[in-house]
Amino acid sequence: MSNILGNNILHQSLLRPPVVEPLSKLNSSGIPANTLFQAASWNQAAAQTRKSPLSTKFLGNNLKVRKPNLAMGTHRPLKFNLRAVLATDPASEQLAGKFNLDGNIELQVGVSSPAQGSVTQLDIQVSYGSDSLVLHWGLIRDRKEKWVLPSRQPAGTKVYKNKALRTPFIKSGSTSFLKIEIDDPEIQAIEFLILDEDQNKWYKNNGENFHVKFCKKEKLTPDVSVPEDLVQIHAYMRWERKGKQMYTPEQEKVEYEAARTELLEEIAKGVSVQDLRAKLTKKNDVREDRESSISEKKRIPDDLVQIQSYIRWEKAGKPNYSPDQQLKEFEEARKELQTELEKGASLDEIRKKITKGEIQTKVTKQLHHKKHFGVGRIQRKKRDLMQLITKYSAETIEEQDLFKPKDLTGVEIFAKTKEEQDRGQVLNKKIYKLADKELLVLVTKSANKTKVHLATDFKEPVTLHWGLSKQRAGDWLEPPPTALPQGSVSVNKAIETQLTSSSSTNPPYEVQYVEVEIEDDSFTGMPFVLVSNGNWIKNDGSDFFIEFSAGTKQVQKDAGDGIGTAKSLLHKIAEKESEAQKSFMHRFNIAADLIDQAKNAGELGLAGLLVWMRFMATRQLIWNKNYNVKPREISKAQDRLTDSLQDVYTNYPQHRELLRMIMSTVGRGGEGDVGQRIRDEILVIQRNNDCKGAMMEEWHQKLHNNTSPDDVVICQALIDYIERDFDVGVYWKTLNDNGITKERLLSYDRAIHSEPNFRRDQKNGLLRDLGNYLRTLKAVHSGADLESAISNCMGYKSQGQGFMVGVQINPISGLPSGFPDLLKFVLDHVEDKNVEALLESLLEARQDLRPLLSKSQNRLKDLLFLDIALDSTVRTAIERGYEELNNAPPEKIMYFIALVLENLALSSDDNEDLIYCLKGWNHALSMSNSKDNHWALYAKSVLDRTRLSLTNKAELYQRVLQPSAEYLGSLLGVDQWAVNIFTEEIIRAGSAASLSSLLNRLDPVLRKTANLGSWQVISPVEAVGYVVVVDELLSVQNKSFEQPTILVAKSVKGEEEIPDGTVAVLTPDMPDVLSHVSVRARNGKVCFATCFDPRILADLQARKGKLLRLKPTSADITYSELKEGELVDVSSANLKEDASSPRLTLVRKQFSGRYAISSEEFTSDMVGAKSRNISYLKGKVPSWIGIPTSVALPFGVFEKVLSDNSNQAVSQKLELLKRKLGGGEFSVLRQIRETVLQLAAPTQLVQELKTKMQSSGMPWPGDEGEQRWEQAWIAIKKVWASKWNERAYFSTRKVKLDHDYLCMAVLVQEIINADYAFVIHTTNPSSGDSSEIYAEVVKGLGETLVGAYPGRALSFLCKKNDLNSPQVLGYPSKPIGLFIRRSIIFRSDSNGEDLEGYAGAGLYDSVPMDEEEKVMLDYSSDPLMIDGNFRHSILSSIARAGSAIEELYGSPQDIEGVIRDGKVFVVQTRPQM
């Protein structure tokens, strides 16, 4: 009930009449059992917070009673002119009702007040001009009777089902009107609804019928008023009589005025106000003798005591009273009122004083400690987010493939043959198992003809008894003559056709077969049965039915090879499915039996079990087939399965995420024989409400036969139907919204054919009993239902009204202090429109619960179901809260993102990246609150990283779940559409989808705030070409486009080559500006840019095949469509430019006679530019720039090693593979690399390299043991082998370099274990501005910057004339950093890396001797991010180093280096391309 001043029907029980309760309703304290201060059980209170507007109990630390508007001094009698409702002038018409129907549509009803015996006339007018409005109406003699249908009816009126009349409105301009004359003097009112037939839309009065009364002149009284307290009491009594319904504010107003009207009618009959008061308060003596009230002590009515108790409690600060304190407070309130009475005040005067807050109270505000929350919001505990990190990563157990492909059966071979012969669209395909035989039904369509192929391997003669359907599966229509196969005969509107033999030796099959060809597209399916040897062969007792529609059933693909699945488990599941279809009891018991096999198969085994159970939960598998099972048996099987899952959850923490998903598909089961209650309590509903036939009996039979989660939906649909004025459309909407169709109801073993059809007098009882029954159903079937989950953890005991009688669930021990109060807060706010406080409380509850979920206990599964329910409620709450964010500032959206991210982290096994993202959002919020100018730029980097994390999670689910969904789906014949979207639906059902939506909402806000624009232009080259859309640049990198092409690629990682013919690459992905692909684009004069705006990207994708001109600037791209002729000029210009490009050549390098050389010996004949440049820098750069010590294996060493006698076999194999490569067999590239790794090291090489390294002050790996030298030798060979990596090989082919002339030196350096790595371009690569230095910085080694590691680096610009003022362009979003122990790195240094006009840098590999450690990065604690002074110092040092080296060479440089303990080291430099 809403809190409306002056007409709040229920000031809860505060304004209830002072009824003397019978002894049976008094508690041990003598207080009425439902008064203000009764202590309630937890479960009763929790239920009432949601279902009853009359909760007057203390819940936790606050009294759950909506505050009445007391003590405001605004209550006064409201004058009421009866003529406003009851017409008094017989010659005039009065407005009897004015209603708002929908938006601006207004309904007015005018009634003429008749003289005795005359006709009453109604004028009904709607401010909506339509030819399709109809009045659906009837008259009322007595409110208890059905509608009366008068004989006197307006023109055009029709009788509807003998229950109502329907009269069309007359359209007049923008309004519609209707006049009705009533000549029966006994008629008291008209009831009606309005129907717009064109739109099939009903207009109601707040969900109820419109009700307009007719009144008689002689019963009227001039201006009178009714005291408001009497109206309130009478409204309360009406509410009680109607079953204590939950009213909307609008319904509340209507009910309040209806109470007033009824009292006015009593007054109109001559009843005095005093008599009304006596009647309402059940007093015999209505006169108050003031003298006797002083001399004789009167008892204060309980309703006044309750109000005063509430005021005292409020003034005391709403403390959490014990039952004894409640009783004491109640008596104190009575004493205060008694004092007023003894002073001479009447009860009416006391009532007014209470209302005005004038009664003196002596209370002291108590200091009570609320452990979690205040009245409107919880206080979240401060937690160390690092304590939430879990790093469980499941290991995939490779299982041996024990399954050889099964030989196809004769029926399967026949089906395959027919599919190949027909070459039409396959609409449907089913193979039924009939004992040891098979029946194929294959439906194809070609040339507008539908063909049904039916075949079986029965040996005995078989006859097909069949028909066709147009509407639903149960229809049998006689087919047209053109559809009858030869020899068919008609039998009772069906057709019988003999199957004929068909056989083949290649491929081998022998079947009986018939083909039906149908030309009429109006037929939707074919019902049939088979007859053999006089026996009818049916589909488990029902007719077979095959649909012709391709839309609802997509034919299943072949199973494939099952790679990436626990294949043996999936075959076991498929083998058991026919048994599992019998009932949920069978399915859950089989699943429990398979738990060990799934667990032993590891991640993929549990993934297979999840797929199976989710196929079940989404109704892709049969739930019940010809088997009666008691609900308690289902409940027991559920308990067994969930107990097994609980055990695996305890002992295998790396699989907890999958186990949570499995449990979310399975109901909890029931303790205390809850399952059997499903059977028993439906009988209680039928008995209590006299509804033993029709739909309720059919549902009863279904429940007794085999209850399922569908019953939860059916029960909710019945409640919705009753609450919405018995609107059967609402019933079907609830069913359909939850996946239950009419066909599904008919498919049950005990089918439900009928629709609900209850009487109005059954409404209150049915709502009460079905509400109780829904709780029983959820207790068994809905493990993730929030109320059920909370009740199962908190404990409950029910003893009343035939529902859950004798059921007792004990509370779980060891719950955190204050946890019950927190859960009550959740339930109290679970339907709030503004969801922020709810989200906080849900997450606080999950955080409190988290430590308990890692402990072993016998009630762990109840805690898990609670956590799953809380998790699910977060998702539904955030979806409801989207509207709240429509005009919200970015800080609020960021806060919501942090909340949802926290929720996702709490549900994930490996959540380290998610936690660091969460810390990043908290830091971004802190920056925003402190007005940091970089807050939006930093938040954008956190947003990008969060997106990457979600992408990784989606890819993980796809890898782990989708192969099992496809393989098992094929084995079980699951609809292809359900298989295709399996993983997508798993993701959409969790917090990740909500989080993604919030990120999309925030992204444009951050880009605008940070002035990022819609583009980052990496290579600003004007281009003209045809748009081609691809998923990955990688997939087309070796392709050659014949015409100039603008590639719109969804994914660009950074390592790819740009295909020939490409003039532009546009992508939403975010490769680093200095990544390989970025450098290749700039060197190749290819336009390359990242698009941040999904709308622009979608527009570009929509222009697929169009000719576009791109005009980039350094920060934006504009584009326009061109005509074909405009391409000629552009192409001619490009040809001239290409013709002027010099041809590239390589000079073959020879072995110098030395296996290793020091840096002083580096020359162009010995090593590449990389080595020479690092040698040149030594001693020439400022002393504060460190240069690592280097040696090298010069050109020709690889060829010399290959020619060594010890490597003769390797050399021969390599020559053979190279000949194949020259012949176009590019697949041998991998074999060549593997062959190079087989080389043995000549003794002289080992000795020379050792000597050079030691003499240069470098550590010799062999000093740590032979194994360490082997590691070094493998690294050297990997560098040589990278000459044949795909990217490098195809790159040289494109520029027609002779690959055999490519020689590889190896630069050997000691690795600096870097804090940060950087790459500098001393001329801004995006704009070409030589006055600016551009640099990118990553945490750890530089491989994450130059390699294909996702995310962006920190980027900054610095003016060369102001090196002390670096400007940050973007903060890092790379989740991974690489770190390594003290080690050696072997760098590629070919003679093809730095040719003029060819960017060979980065094509070949640099390989460290030791493997790098991948570390998840926490930027929120990185001084480069959070310490402005440190960041300024580091970035300025990098800029100064770049400037110094450029000055040294006199040309723009591409520089790589690292930072260690604040010191700058440069590891290589080369001319900037």
Side-chain angles (χ1 to χ4, degrees), residues 85 87 91-114 118-143 145-215 250 254 721 724-733 755 757 759-760:
V85 177
S92 67
E93 178 184 282
Q94 298 296 325
L95 182 65
K98 187 174 182 180
F99 309 90
N100 184 277
L101 296 187
D102 186 10
N104 296 324
I105 301 177
E106 195 173 80
L107 164 68
Q108 291 188 3
V109 182
V111 182
S112 66
S113 296
S118 65
V119 172
T120 299
Q121 180 171 300
L122 276 82
D123 288 304
I124 304 176
Q125 181 172 305
V126 181
S127 62
Y128 172 48
S130 172
D131 293 321
S132 61
L133 283 188
V134 172
L135 189 75
H136 181 91
W137 63 287
L139 302 176
I140 302 292
R141 281 201 186 96
D142 187 322
R143 285 303 294 262
E145 291 184 2
K146 296 182 179 178
W147 284 1
V148 175
L149 308 184
S151 56
R152 186 169 182 169
Q153 302 166 359
T157 299
K158 295 180 181 179
V159 179
Y160 180 75
K161 294 186 178 182
N162 290 323
K163 294 181 178 180
L165 298 177
R166 286 192 172 178
T167 304
F169 279 83
I170 299 170
K171 180 181 176 183
S172 176
S174 62
T175 62
S176 301
F177 69 92
L178 186 60
K179 291 184 183 294
I180 300 176
E181 294 183 340
I182 312 296
D183 58 5
D184 184 347
E186 296 301 316
I187 295 299
Q188 298 180 6
I190 181 173
E191 278 194 1
F192 62 89
L193 302 169
I194 296 176
L195 169 65
D196 187 332
E197 291 185 317
D198 283 354
Q199 298 185 33
N200 192 27
K201 182 173 182 179
W202 289 91
Y203 294 101
K204 301 182 180 182
N205 183 20
N206 294 315
E208 303 286 343
N209 296 339
F210 294 98
H211 184 91
V212 177
K213 290 185 176 181
F214 311 149
C215 297
E250 291 76 18
V254 171
Y721 154 74
R724 295 292 297 275
D725 198 31
F726 301 95
D727 185 344
V728 77
V730 173
Y731 168 77
W732 284 112
K733 184 178 188 303
E755 294 180 335
N757 186 20
R759 302 189 309 273
R760 290 185 177 277

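Each residue takes its place number in the sequence, starting with 1.
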Inset, instruction - State whether a side-chain donor-acceptor pair under 3.5 Å links Trp137 with Glu191. - result: no

Of all the heavy-atom pairs spanning [X] and [Y], show the shortest one and how long it is.
X      : Y      : value
Ala164 : Leu149 : CA-CD2, 3.7 Å
Leu165 : Pro150 : CD1-CD, 3.7 Å
Ile180 : Pro154 : CG1-CG, 3.9 Å
Pro168 : Gly156 : CD-O, 3.3 Å
Val148 : Arg141 : CG2-NH1, 3.6 Å

Partners of [X] by salt bridge (Lys or Arg N to Asp or Glu O under 4.0 Å), sequence neighbours excluded?
X      : result
Arg760 : Asp725
Lys204 : Asp727
Lys733 : Asp737

Return yes if some donor-acceptor pair links the side-chain N/O of [X] with the main-chain N/O of [Y] below 3.5 Å, else return no.
X      : Y      : result
Ser127 : Glu106 : yes
Ser176 : Tyr128 : yes
Gln108 : Gln125 : no

With heavy-atom distances below 4.5 Å as the criterion, would you say the side chains of [X] and [Y] are in contact?
X      : Y      : value
Leu139 : Ile182 : yes
Ile124 : Phe169 : yes
Val212 : Val111 : yes

Legend entry - Leu101: which of Asp196, Leu107, Asn205 passes side chain to side chain contact (heavy atoms under 4.5 Å, CB included):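 Passing option: Leu107.
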
Inset, instruction - Give every residue pair that meets the salt bridge (Lys or Arg N to Asp or Glu O under 4.0 Å) criterion with at least one member in residues 149-170, sequence neighbours excluded. - result: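 Counting only pairs at least two positions apart or across chains, the salt bridge (Lys or Arg N to Asp or Glu O under 4.0 Å) contacts touching residues 149-170 are Arg152-Glu181, Arg152-Asp183.
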
Inset, instruction - With sequence neighbours excluded, tell me which residues meet ring pair (Phe, Tyr, Trp, His ring centres under 6.0 Å) with Trp202. - result: His136

Inset, instruction - Using the test ring pair (Phe, Tyr, Trp, His ring centres under 6.0 Å), find all partners of Phe192 that sit at least two apart in sequence or belong to another chain. - result: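 Result, ring pair (Phe, Tyr, Trp, His ring centres under 6.0 Å) vs Phe192: Phe210.
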
